[in-house]
Amino acid sequence: MSDRTLIVGNWKMHLNVSQASLLLHRLQERIRISSDIEVVLAPSMLVLQPLSVRLDRRKFRLAAQNAYATDEGAFTGEVSFTMLRDLVHYVIIGHSERRIYFHEDLKTVRAKVAAAVRNEITPILCVGETKEERKNGETRKVLHDQVTTALADLTAKEVQDMVIAYEPVWAISTFQGILAKPDEAQQAMDYIRDQVKQLYGPKAAKNVRILYGGSVDDQIVGGYLAIPGCDGVLVGGASINYHKFSGIIDTAYRLHRKAD
Ligand code: 13P
């Protein structure tokens with residue numbers, strides 16, 4: 001397993017300020033400070049600011065779930081990466097829900113990744129194929145296109161510092177929610193790392209963190225964390241459940257203790 005495990009909770013459009021504060025409070029009491037594990041919370045945009053003042057920074061970091069690629073201007077309803085730069089450490093970019101429901105294309109995702117890096121926020125780039133694409137044998141092509149276009153404006157140093165999450169759309173709980181077998185996840189994650197190697201060299205490929213996401217919960221997380229080259233998990237539904245999310249973190253601790 002990876003030297004340092006990254007666990008990201010994507011709360012999606014759940015939890016208002018008081019619900020989010022309550023969950024943070026409970027998690028904060030339970031979770032230990034550890035150099036082996038980094039826990040990141042991605043609440044809704046509205047919740048980021050109030051959560052940031054309550055957050056124990058030794059235990060958690062914050063991520064936004066989205067942002068707009070232009071730094072400032074007349075874009076009603078949007079929040080830019082520039083506005084988020086002192087608030088969050090990470091931004092999730094290109095999540096399949098944004099690609100599917102909000103029609104974000106490869107060009108938009110590329111502009112957002114560049115905007116994140118320009119504003120010194122670490123991108124968590126989500127990539128993954130639909131069930132249809134997998135059935136048609138297009139998984140590699142989809143991953144290739146998503147990875148290469150999203151990283152096109154970056155240097156090798158910028159790529160090595162970022163995070164890529166492999167989230168097959170068919171495995172996300174709110175789409176089909178079929179569990180990906182760890183070896184299926186590993187094949188795709190290896191392919192992503194290989195793409196990074198071909199484009200940006202071995203150092204970037206070694207250092208870029210690659211996560212798995214899709215119906216991960218406390219019962220099955222160990223199988224994914226044990227995948228060679230898996231640097232952590234991106235968790236949706238289970239991350240808003242105190243028992244499941246703290247169970248995921250406990251499993252990561254346990255695996256690190258065993259590995260020491
Ligand atoms: P689930 O864990 O609910 O399948 O969601 C995964 C996801 O989309 C995280 O970004």
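Counting starts at 1 for both ligands and their atoms, in listed order.
The protein atom (non-hydrogen) at minimum distance from atom 3 (O) of ligand 1 is S173 OG, 2.5 Å. Remark: minimum distance from atom 7 (C) of ligand 1 to any protein heavy atom is reached at E167 OE2, 3.1 Å.
Within ligand 1, counting atoms from 1 as listed, the ones closer than 4.0 Å to a heavy atom of N10 are 9 (C), 10 (O). Annotation for ligand 1: atoms under 4.0 Å from non-hydrogen atoms of H95 are 7 (C), 8 (O), 9 (C), 10 (O). Counting the atoms of ligand 1 from 1 in the order shown, those under 4.0 Å from a heavy atom of S215 are 1 (P), 2 (O), 4 (O). Near G237, meaning under 4.0 Å from one of its heavy atoms, ligand 1 places the atoms 1 (P), 2 (O), 3 (O). Ligand-side atoms of ligand 1 in range of K12: 5 (O), 6 (C), 7 (C), 8 (O), range being under 4.0 angstrom from any heavy atom.
One finds no salt bridge joining D153 and R118 here, because no Lys/Arg side-chain nitrogen approaches an Asp/Glu carboxylate oxygen to under 4.0 Å. Look at R209 and E38 and you find a salt bridge, because one of the NZ, NE, NH1 or NH2 atoms lies within 4.0 Å of a carboxylate O, short of that distance. Salt-bridge check for R254 with D250: failed, with every basic side-chain N at 4.0 Å or more from each acidic carboxylate O.
In plain terms, the two heavy atoms of M162 and V208 that are nearest each other are O-CG2, 3.5 Å.
Polar contact with ligand 1: present for G236 (N/O pair, distance under 3.5 Å). Any N or O atom pair closer than 3.5 Å counts here, and T174 shares no such pair with ligand 1. By the 3.5 Å distance cut-off applied to N or O atoms, G213 is not counted among the residues near ligand 1.
Crowding of K197 atom NZ: a count of heavy atoms from other residues, nucleotides or ligands under 6.0 Å not exceeding 12.
No side-chain donor from either of D71 and S80 sits under 3.5 Å from a side-chain acceptor of the other. There is no side-chain donor-acceptor pair under 3.5 Å between Q65 and W11.
Remark: side-chain polar atoms of R193 are paired, donor with acceptor, to backbone N or O of G229 under 3.5 angstrom.
At least one heavy atom of G214 sits closer than 4.0 Å to an atom of ligand 1.
Using a 4.0 Å cut-off between heavy atoms, I172 contacts ligand 1 through both its backbone and its side chain.
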